[in-house]
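Quick notes on the structure that follows.
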Amino acid sequence: MSKQVPQVVFKTRVRDESVEGPNPFRWQDVSTDDIFKGKRVVVFALPGAFTPTCSSTHLPGYEASYDEFKAEGIDEVYCLSVNDAFCMFQWAKHLGAEKVKMLPDGNCEFTRGMGMLVSKKDLGFGDRSWRYSMLVKDGVIEKMFIEPDQPGDPFEVSDADTMLAYIKGTDAEGVSEPRLAFVG
């Protein structure tokens, strides 16, 4: 059984040279359809910008593999996190990530709709996204790789290599349906 991605509007910031001053960006609403309709897209979601695994491995892995994804017919690769647009922009800038598109889910609407909202209150993070990756074709989830439901921050199956192996048809295992979210 296939599942549609949630219909939400992301609050993003885009460069606009007509905006004067040192911050030439403007707000732009981006809908789920803008991202997924008529496209084959990879999304990887993670707990937070500037956090250790997300910064050292998860985002850099997809950034390094971006051209391989494009060569396999992927239209775009998005990094989703429950952070605001300003934080996501600065994080990408800090890491030198220029190819992967940052997708801020500051209100948790997409993450909640995916059933991937988790409580990280024990770390002072509040509600965040569980770590996962997915391949989406025209708004329908084709494949998901969801990290195991265990304490800590597991990072075993949502990496770029696992997704690439799946897309190329080589050895990769994943979870086809989202698990129920837990919010503590």
With rounding to the nearest 0.5 Å, note down the distance linking [atom1] in [X] to [atom2] in [Y].
X	Y	atom1	atom2	value
Ser65	Met163	OG	CE	11.5 Å
Leu164	Phe69	CG	CZ	3.5 Å
Asn83	Met88	CG	CE	6.0 Å
Arg128	Asp153	CZ	CG	11.5 Å

Are any non-hydrogen side-chain atoms of [X] and [Y] less than 4.5 angstrom apart?
X	Y	result
Pro47	Cys54	yes
Met134	Met116	no
Thr12	Met102	no
Phe36	Gln4	no

Inset, instruction - Without swapping roles, check the side chain of Asn107 against the backbone of Glu109 for a donor-acceptor pair under 3.5 Å. - result: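 It does not hold such a pair.
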
Legend entry - Any donor-acceptor N/O pair, Glu147 side chain to Val157 backbone, under 3.5 Å: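 Here the side-chain-to-backbone pair exists.
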
Legend entry - Intermediate values then yes/no, side chain to side chain contact (heavy atoms under 4.5 Å, CB included), Val100 and Phe44: CA-CA 10 Å; Val100 170; Phe44 62 102; 3.8 Å; yes

Legend entry - Stepwise side chain to side chain contact (heavy atoms under 4.5 Å, CB included) check, Asp33 with Gln7: CA-CA 8 Å; Asp33 282 348; Gln7 293 295 314; 3.7 Å; yes

Legend entry - Pair Lys99 + Asp67, salt bridge at N-O below 4.0 Å: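 Salt bridge flag = yes for Asp67 with Lys99.
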
Inset, instruction - Decide yes or no on side chain to side chain contact (heavy atoms under 4.5 Å, CB included) for Val14 and Val30, but give the supporting numbers first. - result: CA-CA 10 Å; Val14 295; Val30 177; 5.9 Å; no

Inset, instruction - Step through the shown structure and confirm whether more than 12 heavy atoms of other residues, nucleotides or ligands are within 6.0 Å of NZ on Lys70. - result: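 Correct, the count exceeds 12.
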
Inset, instruction - Please indicate whether Lys39 has more than 12 foreign heavy atoms, meaning atoms of other residues, nucleotides or ligands, lying under 6.0 Å from its NZ. - result: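 Yes.
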
Inset, instruction - Give the C-alpha distance, both sets of side-chain angles, the deciding distance and a yes or no for side chain to side chain contact (heavy atoms under 4.5 Å, CB included) between Leu80 and Phe10. - result: CA-CA 10 Å; Leu80 182 136; Phe10 295 95; 3.9 Å; yes

Legend entry - Centroid separation Phe145 to Trp130 less than 6.0 Å: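 No, ring centres 6.0 Å or more apart.
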
Legend entry - Partner of Arg40 under side-chain contact (heavy atoms from CB on, under 4.5 Å), chosen from Asp138, Val136, Leu135: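 Running side-chain contact (heavy atoms from CB on, under 4.5 Å) over Asp138, Val136, Leu135 with Arg40 returns exactly one hit, Leu135.
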
